[in-house]
Engineer: 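Before I ask anything, let me first share the structure, which is written out below as structure tokens.
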Amino acid sequence: MAKKVIIPAVKGTREFYPETMALRNFLYGKMRKASQAFGYQEWDAPFLETIDLYAAKSGEELVKEQAFVFEDRGGARVTLRPELTPSLARMIAKKQRQLTYPLRWWSFGPFWRYERPQKGRSREFFQWNIDMLGVSSPEADAELIAVAATFLRSVGLSPEQARIFVNNRRLMDSQFDALGIPAESRLDVSNLVDRRSKMKPDVWTAYALEQGLSQSQLDGLLALLDNKDLWKDWEELTRLFAALDALGVREYVEFDPNIMRGLLYYTGTVFEAFDLSGGVRRAILGGGRYDDLLADVGGDPLSGVGFAMGDVVIGIVLQERGLVPAFEPSPAPVLVTVFDESLWQESYALSAELRDAGLNVTCYPEPAKIGKQFKFANKMGMRVAIVLGADEVAAGQVAVKDMRSGEQESVPRGEAAETISRILASA
RNA sequence: GUGGCUGUAGCUCAAUCGGCAGAGCACUUGACUGUGGAUCAAGAUGUUGCGGGUUCAAUCCCCGUCAGCCACCCCA
């Protein structure tokens with residue numbers, strides 16, 4: 001036998017067999033439902049963009065290291081989109097005066113980043129993006145967080161299992177000011193904060209001092225990062241939490257001064273959701289307020305708030321927690337068997353009749369041993385199998401078998417659809 | 001891009017000191033010529049990821065490469 005040579009899939013891509021596709025569609029359905037519950041409109045942008053779009057505002061890492069860039073046949077530098085926000089900013093800017101605000105848009109589609117694949121990270125992934133533009137208020141921030149919480153609740157994650165951690169850039173800036181940390185080293189301090197959970201305390205302390213912090217600044221920073229009540233003196237956050245209370249999602253949300261987020265364009269509230277079991281150490285979703293983005297890409301000033309959620313991490317979390325619904329192999333719960341060469345047309349005609357009656361029906365595509373056909377129905381998880389043999393045809397009947405109970409009855413052909421529906425309805 | 005672990009049948013994994021490549025599940029056939037799941041019986045399955053090296057002999061040791069996983073980096 002010749003050796004089978006299978007050309008491998010591109011590194012970092014995932015192949016969606018029906019079982020995996022069902023999970024992706026499940027997630028899509030929940031995202032869509034949460035988005036629409038708050039009145040967001042679905043939209044999308046091109047998958048291919050010029051690299052210039054990202055060079056304008058995205059981080060250097062994203063553009064130079066992580067973007068898939070290639071030349072098209074005309075010599076233009078084209079990239080597979082690594083994120084959606086620049087496309088959003090452009091599309092808003094092009095129609096800025098024609099759109100109705102506050103504008104609420106959501107999207108779900110593929111993105112590509114040239115990363116080293118590992119748990120929770122692939123090079124080709126799907127991402128839910130949702131944004132509100134045209135309003136700059138803590139209540140708008142709260143709405144986006146509420147959408148995220150609504151999603152988490154809808155997939156069966158409780159507040160004990162998943163939590164959204166919130167912080168505020170302006171609050172932290174004022175605190176850093178109070179500690180005498182200059183504006184130009186703020187980025188380094190943010191990275192320092194981001195890194196704290198990943199380093200041992202003494203190593204982190206040494207690292208912090210190495211970065212130029214004084215001992216008193218370090219002490220102040222540590223006190224700051226442990227202060228879970230800091231939000232109570234900051235109006236943006238007291239209003240945010242009041243709104244979350246009113247929206248009924250307060251239990252999913254927690255203030256945490258350690259949440260910084262690397263993206264430069266965030267200006268106010270920032271948030272990230274995590275699975276509390278720690279099985280996956282990555283954020284399930286993350287977002288925040290960006291007040292300068294439109295102006296940065298050449299539009300008129302327009303503030304926005306939004307977040308993104310990748311399909312990979314949430315998929316792993318739901319699988320580890322057993323929250324993924326059971327896979328139903330066949331979309332058609334009914335199999336019409338084909339008895340033999342002389343009767344296949346009867347079966348095909350019956351399957352058409354049943355489809356006309358509104359049922360999803362698979363007809364076996366060739367005559368085969370009846371046992372083989374039943375086995376197929378069983379493996380495909382079908383509820384009902386129909387047998388149309390010589391006896392049934394002669395009597396104008398069809399045999400309807402309930403695959404779960406094993407019971408079978410013969411009914412007049414005209415009543416078949418009704419009998420099947422009754423079986424399907426019986427849980 | 002840096003460092004580490006792993007790769008054996010379709011799947012999950014075994015193979016002692018370097019000495020003929022194994023099991024369970026799944027699969028095929030039959031027990032059962034008009035009936036799936038359960039049981040029993042029989043059967044098929046491998047360039048041990050790929051390429052090279054050492055050796056009388058390599059799944060095992062060495063080098064390279066590809067892929068997966070883990071920690072960095074970054075982030076969804």
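To find a chain, count down the sequence lines: A is the first, B the second, and so on, and within it residues start at 1.
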Engineer: Nearest whole angstrom, please: distance from the P of B:rG36 to the CD1 of A:I386.
Structural biologist: 17 Å

Engineer: May I ask you to say whether A:R289 pairs ionically with A:D291, meaning some side-chain N is under 4.0 Å from a carboxylate O?
Structural biologist: yes

Engineer: Tell me which nucleotide, if any, is Watson-Crick or G-U wobble paired with B:rG46 when both distances must be under 3.5 Å.
Structural biologist: none

Engineer: Rounding to a whole Å, what distance do you find between A:Y114:OH and B:rG1:P?
Structural biologist: 6 Å

Engineer: Say we look at B:rU8 and B:rG51: how far apart would their P atoms be, to the nearest angstrom?
Structural biologist: 15 Å

Engineer: Sort out the partner of B:rC74 for me: Watson-Crick or G-U wobble, both distances under 3.5 Å, none otherwise.
Structural biologist: none

Engineer: Under 4.0 Å: is that the gap between some side-chain N or O of A:K119 and OP1 or OP2 of B:rC69?
Structural biologist: no

Engineer: Nearest nucleotide by nearest heavy atom, which residue falls closer to the 5' end of RNA chain B, A:Q408 or A:I284?
Structural biologist: A:Q408

Engineer: Can you tell me, in whole Å, how much space there is between the P of B:rG43 and that of B:rA57?
Structural biologist: 35 Å

Engineer: Between the base of B:rG34 and the side chain of A:K369, is there a donor and acceptor pair under 3.5 angstrom?
Structural biologist: no

Engineer: Flag the pair A:E415 and A:R422 as a salt bridge only when some basic side-chain nitrogen lies within less than 4.0 angstrom of an acidic carboxylate oxygen.
Structural biologist: no

Engineer: Please report the distance separating the P of B:rC17 from the corresponding atom of B:rG24, rounded so that it comes out in whole Å.
Structural biologist: 25 Å

Engineer: Using purine N1 to pyrimidine N3 plus N6-O4 or O6-N4 for Watson-Crick, or N1-O2 and O6-N3 for G-U wobble, both under 3.5 Å, which nucleotide pairs with B:rA31?
Structural biologist: B:rU39

Engineer: Pick base, sugar-phosphate or nothing for A:I314, based on heavy-atom distances below 4.0 Å to the nucleic acid.
Structural biologist: nothing

Engineer: So, for A:F271 and A:F165, is the gap between ring centers shorter than 6.0 Å?
Structural biologist: no

Engineer: Counting any heavy atom closer than 4.0 Å, what does A:A377 reach on the DNA or RNA strands: base, sugar-phosphate only, or nothing?
Structural biologist: nothing

Engineer: At less than 3.5 Å, do the side-chain atoms of A:R113 and the base atoms of B:rA76 form a donor-acceptor pair?
Structural biologist: yes

Engineer: Check every strand shown and say whether A:R14 touches a base, only sugar-phosphate, or nothing at a heavy-atom separation below 4.0 Å.
Structural biologist: nothing

Engineer: Quickly work out the A:F374 CZ to B:rU35 C1' distance and round it to whole Å.
Structural biologist: 4 Å

Engineer: Would you state whether a donor and an acceptor, one from the side chain of A:R116 and one from the base of B:rG68, lie under 3.5 Å apart?
Structural biologist: no

Engineer: Hey, is A:F339 doing a stacking thing with B:rG34, by the 5.5 Å centroid and 30° angle criteria?
Structural biologist: no

Engineer: For the residue pair A:F47 and A:W112, categorise the inter-ring angle as parallel (less than 30°), tilted (30 to 60°) or perpendicular (more than 60°).
Structural biologist: tilted

Engineer: Answer yes or no: is there an ion pair linking A:R383 with A:D402, defined by an N-O contact shorter than 4.0 Å?
Structural biologist: yes

Engineer: Mind checking if A:K401 touches a base, just sugar-phosphate, or nothing, with heavy atoms under 4.0 Å?
Structural biologist: base

Engineer: Counting only Watson-Crick or G-U wobble pairs whose two distances fall under 3.5 Å, which nucleotide matches B:rU16?
Structural biologist: none

Engineer: When the C1' atoms of B:rU45 and B:rG3 are considered, how many whole Å apart are they?
Structural biologist: 39 Å

Engineer: Give the rounded distance in Å between these two atoms: CH2 of A:W128 and P of B:rA76.
Structural biologist: 15 Å

Engineer: Could you give the CD1-to-C1' distance, from A:I316 to B:rC70, as a whole number of Å?
Structural biologist: 13 Å

Engineer: Rounded to whole Å, please give me the gap between NZ in A:K372 and P in B:rC27.
Structural biologist: 13 Å

Engineer: I want to verify a distance call: between B:rU28, B:rA76, B:rU35, whose nearest atom is closest to the A:A283 side chain?
Structural biologist: B:rA76

Engineer: Closest approach to the side chain of A:K11, judged atom by atom: which nucleotide of B:rU28, B:rG34, B:rG68 is it?
Structural biologist: B:rG68

Engineer: Using whole Å, report how far CZ of A:F125 lies from C1' of B:rC74.
Structural biologist: 12 Å

Engineer: Assess whether a salt bridge exists between A:D275 and A:R321, defined as any Lys/Arg side-chain N lying under 4.0 Å from an Asp/Glu carboxylate O.
Structural biologist: yes

Engineer: Can you confirm whether or not the ring centre of A:F126 sits under 6.0 Å from the ring centre of A:F108?
Structural biologist: yes

Engineer: Under 3.5 Å for both donor-acceptor distances, Watson-Crick or wobble: does B:rU59 have a partner, and if so which one?
Structural biologist: none

Engineer: Which base sits across from B:rA21 as a Watson-Crick or G-U pair, both distances under 3.5 Å?
Structural biologist: none

Engineer: Check whether the side chain of A:E115 and the base of B:rG1 form a donor-acceptor pair under 3.5 Å.
Structural biologist: no

Engineer: So which nucleotide from B:rG34, B:rA76, B:rC73 ends up closest to the side chain of A:V387?
Structural biologist: B:rG34

Engineer: Can you tell me how far P in B:rC74 sits from the matching atom in B:rA15, rounded to whole Å?
Structural biologist: 41 Å

Engineer: Using a heavy-atom cut-off of 4.0 Å across all strands, would you classify A:G315 as base, sugar-phosphate, or nothing?
Structural biologist: nothing

Engineer: What's the gap between B:rA26 and B:rC56 when it is taken at their P atoms, as a whole Å value?
Structural biologist: 46 Å

Engineer: State plainly whether the residues A:E49 and A:R90 are in salt-bridge range, i.e. N to O under 4.0 Å.
Structural biologist: yes

Engineer: Would you mind classifying the nucleic acid contact of A:D391 as base, sugar-phosphate or nothing, using non-hydrogen atoms under 4.0 angstrom?
Structural biologist: base

Engineer: So what does A:E392 touch, heavy atoms closer than 4.0 Å: a base, only the sugar-phosphate, or nothing?
Structural biologist: base

Engineer: B:rC69 pairs with which nucleotide, Watson-Crick or G-U wobble, both distances below 3.5 Å?
Structural biologist: B:rG4

Engineer: Take atom CD of A:Q118 and atom C1' of B:rU2, then tell me their distance rounded to the nearest Å.
Structural biologist: 13 Å

Engineer: Mapping A:M382 and A:V313 onto RNA chain B by nearest heavy atom, which one lands closer to the 5' end?
Structural biologist: A:M382

Engineer: Applying ring-ring contact (aromatic ring centres under 6.0 Å, His included), run through A:Y40 and A:W105 and close with a yes or a no.
Structural biologist: CA-CA 5 Å; A:Y40 286 70; A:W105 282 7; over 10 Å; no

Engineer: Would you mind telling me which of B:rU35, B:rC69, B:rU28 lies closest to the side-chain atoms of A:K375?
Structural biologist: B:rU28

Engineer: Take atom P in B:rC61 and the same atom in B:rA14, then report the distance between them in whole Å.
Structural biologist: 14 Å

Engineer: For atom P, what is the distance between B:rC60 and B:rU16, given to the nearest Å?
Structural biologist: 12 Å

